[in-house]
Colleague: 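Let me begin by handing over the structure; questions about it come next.
Just so we're clear, the structure is a prediction, and the values are computed from it rather than from any experiment.
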Amino acid sequence: VWRRRPRQMVGYAPRALRAEGYDWDESYRHFGWSRANTLFVTKGAFLHKRSFAAFFRSEFDGLRAKVNAKVTGEDMLMSFVHAAVEGVPAVPLLPASRRSVFCESSKEPLGA
């Protein structure tokens, strides 16, 4: 998927960031409804290395300082930087339903 969309961040751990706040598990509670507008690289994603160079641009120094002061939030900041620099949405890899997630060693789907 990423090779067909090299400017986009493609991966797992979908998230829905909203202006009114952030609820970390919204995308999981609405599993299969494609309620996600970003994903977190730290949870598993593919993106072009230029996004990492962009993350360290001087224009984002103040935001990185805030993240460093809290020792958390780099995943949200990377999502912001990627959107600001690339101008394209993330591509979350979402299964169609809970039942479509299988584990080879399990007797039932993981969502059962």
Colleague: For F52 and V41, what are the C-alpha separation, side-chain angles and deciding distance, and is it a side chain to side chain contact (heavy atoms under 4.5 Å, CB included)?
Modeller: CA-CA 11 Å; F52 293 97; V41 176; 4.2 Å; yes
Colleague: Any sub-3.5 Å donor-acceptor pair from R64's side-chain atoms to F55's backbone N or O?
Modeller: yes
Colleague: Are M78 and L47 close enough that some pair of their side-chain heavy atoms sits under 4.5 Å apart?
Modeller: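 Side chain of M78 against side chain of L47, heavy atoms only: contact under 4.5 Å found.
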Colleague: Can you tell me how far OG1 of T72 sits from CG of L77, rounded to the nearest 0.5 angstrom?
Modeller: 11.0 Å
Colleague: Does V67 share a hydrophobic cluster with F40, counting links as ILVMFWY side-chain heavy atoms below 4.5 Å and allowing steps through other members?
Modeller: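 No, no single cluster joins them.
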Colleague: List the residues meeting side chain to side chain contact (heavy atoms under 4.5 Å, CB included) with F46, not counting sequence neighbours, and say none if there are none.
Modeller: W2
Colleague: Taking all non-hydrogen atoms of both residues into account, name the closest pair between V91 and R5 and its distance.
Modeller: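 Between these two residues, the closest heavy atoms are CG2-CD, 3.8 Å.
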Colleague: Minimum heavy-atom separation for H82 and S51, please, with both atom names.
Modeller: CD2-OG, 3.1 Å
Colleague: Would you say that E86 contacts R50 through its side chain, given a criterion of any heavy-atom pair below 4.5 Å between the two side chains?
Modeller: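 A side-chain contact exists here, since the closest heavy-atom pair is under 4.5 Å.
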Colleague: If every non-hydrogen atom of A45 is compared with every non-hydrogen atom of L39, which pair is closest and at what distance?
Modeller: CB-CD1, 3.4 Å
Colleague: Using every non-hydrogen atom in the two residues, find where M9 and T38 come nearest and quote the distance to one decimal.
Modeller: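 Looking at all heavy atoms of both residues, the closest pair is CE-OG1, 4.1 Å.
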Colleague: Restricting to salt bridge (charged side-chain N to carboxylate O under 4.0 Å, His left out), what partner residues turn up for E74, sequence neighbours left out?
Modeller: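 Partners of E74 by the salt bridge (charged side-chain N to carboxylate O under 4.0 Å, His left out) criterion come out as none, since no residue qualifies.
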Colleague: Report the residues that fulfil salt bridge (charged side-chain N to carboxylate O under 4.0 Å, His left out) with E59, sequence neighbours left out, ordered by chain and then residue number.
Modeller: R57
Colleague: Should F56 and F80 be regarded as members of a common hydrophobic cluster, given that ILVMFWY residues are connected when their side-chain heavy atoms come within less than 4.5 Å of each other, either directly or indirectly?
Modeller: yes
